[in-house]
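Inspection log for the structure reproduced underneath, given as structure tokens.
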Amino acid sequence: MDLKLKNKRALVTGSSAGIGFAIAQLLSREGAVVVVNGRSVDRVEAAAKKIRSGGAKGEVIAAAADLSTMVGVKALLRQVPEVDILVNNLGMYAPKAFEQITDEDWLDIFQVNVLSGIRLTRAYLPHMRTQNWGRIIFISSESGINIPAEMIHYGVTKTAQLAVSRGLAETTAGTGVTVNAVLPGPTRSEGVEQFVEAMARAGKTDPAAVETEFFKSVRPSSLLKRFAAPEEVAAMVAFVASPLSSATNGAALRVDGGVVRSIV
């Protein structure tokens, strides 16, 4: 299927690895001009090089910047002043008991997970309105609906992204701009790989056994019964980023493997 993304300029934040990388790679294969972003210059350059050599049909731009601060956002905006597609993928998580989550922890996770996307959207939305076309996508999580007891602060930020994306969508009524959220479930990202391997070593078992136990005891409602691949999430995002998704606006689209039991 041709997603009609040729020459569309797309910024994917936090795209040096994991879900963000998979999204950037797929958009590039569909012909979009893709901006790869992360904090580390070396990791961003390496990711961009990998995308270029992996079937890219559009230009791939490396733009390192720490988007957890306004200074970093401004630095990125100087490198990339306009985009047609903004994928707010940057995020962090850290399992921690609620009583141990400090004010600093709360502020840090909001800066990364929520304010980075808000600041970039505020900067890029006017151009999208002017050209009467644009796509803004927040990568939220099933944790925004099923708040995890082991990292409540993370779940709260993911719920905030749902509220922001829906509110922004209301402001685009009658235009060619859409704002949506995508909700992945447990996904085999770089961080998850490291977590599973560490748990396997600690338990003197293998990663497959850790994965099986995770879906038995931590996410028992999963219908997929395995970690999703980043590419499976990227497929949904690529469609939502395309002109073909023009009737999808203000939606919370789940790629959660059936973890969330509600049908709405």
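Each residue takes its place number in the sequence, starting with 1. On a predicted model such as this, the values are computed, not experimentally measured, just so you know.
- Taking 4.5 Å as the limit, every side-chain heavy atom of Leu86 sits out of range of all side-chain heavy atoms of Arg135.
- Interatomic distance, OG of Ser68 versus CG of Leu115, reported as 10.0 Å (0.5 Å rounding).
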Handout entry: Test log, rule side chain to side chain contact (heavy atoms under 4.5 Å, CB included), inputs Arg9 and Ile85
Key = CA-CA 6 Å; Arg9 179 172 288 251; Ile85 300 163; over 6 Å; no

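- Around CD of Glu104, the count of heavy atoms belonging to other residues, nucleotides or ligands within 6.0 Å does not exceed 12.
- Counting only heavy atoms from C-beta outward, the side chains of Glu45 and Ser40 never approach each other to under 4.5 Å.
- Following chains of ILVMFWY side-chain contacts shorter than 4.5 Å, one can reach Ile109 starting from Leu67, so the two form part of one hydrophobic cluster.
- Salt-bridge annotation for Glu142 and Arg261: absent, with no side-chain N of the basic residue lying under 4.0 Å from a carboxylate O of the acidic one.
- With values rounded to the nearest 0.5 angstrom, His153 atom NE2 is found 10.5 Å from Phe98 atom CZ.
- Residue Leu125 holds its CG atom at 9.0 Å from OG1 of Thr130, rounded to the nearest 0.5 Å.
- Side chain of Thr102 to main chain of Asp105: a donor-acceptor pair is present (N/O by atom type, distance under 3.5 Å, no hydrogens or angles).
- In this structure the side chain of Tyr93 never reaches within 4.5 angstrom of the side chain of Pro148, judged on heavy atoms.
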Problem - Trace of the salt bridge (Lys or Arg N to Asp or Glu O under 4.0 Å) decision for Glu170 with Arg166 - result: CA-CA 6 Å; Glu170 295 286 343; Arg166 177 65 203 192; 2.6 Å; yes

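- The ring-ring contact (aromatic ring centres under 6.0 Å, His included) contacts involving residues 115-139 comprise nothing, where partners must be two or more places apart or lie in separate chains.
- In terms of heavy-atom proximity, Gly14 sits nearest to Asn37 at N-OD1, 3.1 Å.
- For the atom pair Ile136 CD1 and Leu120 CG, the distance stands at 10.0 Å (nearest 0.5 Å).
- Residue Val260 shares its hydrophobic cluster (ILVMFWY side chains chained together at separations under 4.5 Å) with Ile145, Leu162, Leu183.
- Remark: Phe214 pairs with Phe227 by the ring pair (Phe, Tyr, Trp, His ring centres under 6.0 Å) rule, at least two apart or across chains.
- Minimum heavy-atom separation, Thr187 to Val192: O-CG2, 3.1 Å.
- With a 4.5 Å cut-off on side-chain heavy atoms, Thr205 and Val210 count as touching.
- Proximity of a side-chain donor or acceptor of Asn113 to a complementary backbone N or O of Met92 within less than 3.5 Å is detected.
- Judged purely by distance below 3.5 Å, without hydrogens or angles, the side chains of Gln25 and Arg52 never pair a donor atom with an acceptor atom.
- Residue Val255 is grouped with residue Met1 when hydrophobic side chains (ILVMFWY) are merged at heavy-atom distances under 4.5 angstrom, including chains of intermediate members.
- Heavy atoms only, all atoms of each residue included: Phe239 and Ser242 are closest at O-OG, 2.7 Å.
- Using modelled atom types, no side-chain atom of Asp256 and backbone atom of Pro184 make a donor-acceptor pair closer than 3.5 Å.
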Exercise for the section: May I have the step-by-step check of side chain to side chain contact (heavy atoms under 4.5 Å, CB included) for Thr159 and Thr157, ending in yes or no? Expected result: CA-CA 5 Å; Thr159 304; Thr157 64; over 6 Å; no

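- No side-chain donor-acceptor contact under 3.5 Å links Asp84 to the backbone of Gly134.
- Cluster annotation: Phe110 and Met70 are assigned to distinct hydrophobic clusters (Ile/Leu/Val/Met/Phe/Trp/Tyr, side-chain heavy-atom contacts under 4.5 Å, transitive).
- Taking a 6.0 Å sphere around CG of Asp2, one finds it holds more than 12 heavy atoms contributed by other residues, nucleotides or ligands.
- Side chains of Asp66 and Thr69: no donor on one and acceptor on the other come within 3.5 Å.
- There is a side-chain donor-acceptor pair under 3.5 Å between Thr171 and Arg129.
- Considering CZ of Phe21 and OG of Ser16, their distance stands at 9.5 Å, rounded to 0.5 Å.
- By the rule that hydrophobic residues join a cluster once side-chain heavy atoms approach within less than 4.5 Å of another member, Val179 and Val12 end up as members of separate clusters.
- Side-chain contact between Met128 and Val83: present, with at least one pair of heavy atoms (C-beta onward) separated by less than 4.5 Å.
- Judged purely by distance below 3.5 Å, without hydrogens or angles, the side chains of Gln161 and Asn88 never pair a donor atom with an acceptor atom.
- Minimum heavy-atom separation, Ser28 to Ala56: OG-CB, 2.9 Å.
- Within a 6.0 Å radius of NZ in Lys96, more than 12 heavy atoms belonging to other residues, nucleotides or ligands are found.
- The one candidate from Lys225, Arg226, Arg188 that meets the side-chain hydrogen bond (donor to acceptor under 3.5 Å, both in side chains) condition with Glu211 is Arg188.
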Practice task
Would you please test Arg219 and Glu150 for salt bridge (Lys or Arg N to Asp or Glu O under 4.0 Å) and show each step?
Solution key: CA-CA 12 Å; Arg219 292 292 186 274; Glu150 70 275 12; 3.7 Å; yes

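- In this structure, a donor-acceptor pair under 3.5 Å is absent between the side chains of Asn180 and Ser165.
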Exercise for the section: I would like to know whether Val36 and Ile61 meet side chain to side chain contact (heavy atoms under 4.5 Å, CB included); could you show each step before the answer? Expected result: CA-CA 6 Å; Val36 180; Ile61 301 166; over 6 Å; no

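- The distance from atom CG of Leu3 to atom CZ of Arg29, rounded to the nearest 0.5 Å, is 13.0 Å.
- Residues Thr178 and Asn249 bring no donor and acceptor atom of their side chains to less than 3.5 Å of each other.
- In terms of heavy atoms, Val35 sits closest to Ala63 at CG1-CB, 3.6 Å.
- Under the 4.5 Å side-chain heavy-atom criterion for grouping Ile, Leu, Val, Met, Phe, Trp and Tyr, Val112 is connected to Val164 within one hydrophobic cluster.
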Handout entry: Residue pair Leu5, Leu27: steps toward the side chain to side chain contact (heavy atoms under 4.5 Å, CB included) verdict
Key = CA-CA 7 Å; Leu5 286 168; Leu27 293 178; 3.7 Å; yes

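- Counting all heavy atoms, side chain and backbone alike, Gly72 lies closest to Ala65 at O-CB, 3.6 Å.
- Put simply, the side chain of Arg254 does not reach to within 4.5 Å of the side chain of Ser141, judged on heavy atoms.
- Between the side chain of Ser140 and the main chain of Lys158, a donor-acceptor pair closer than 3.5 Å is present.
- Side chain of Ser221 to backbone of Val259: a donor-acceptor contact under 3.5 angstrom is found.
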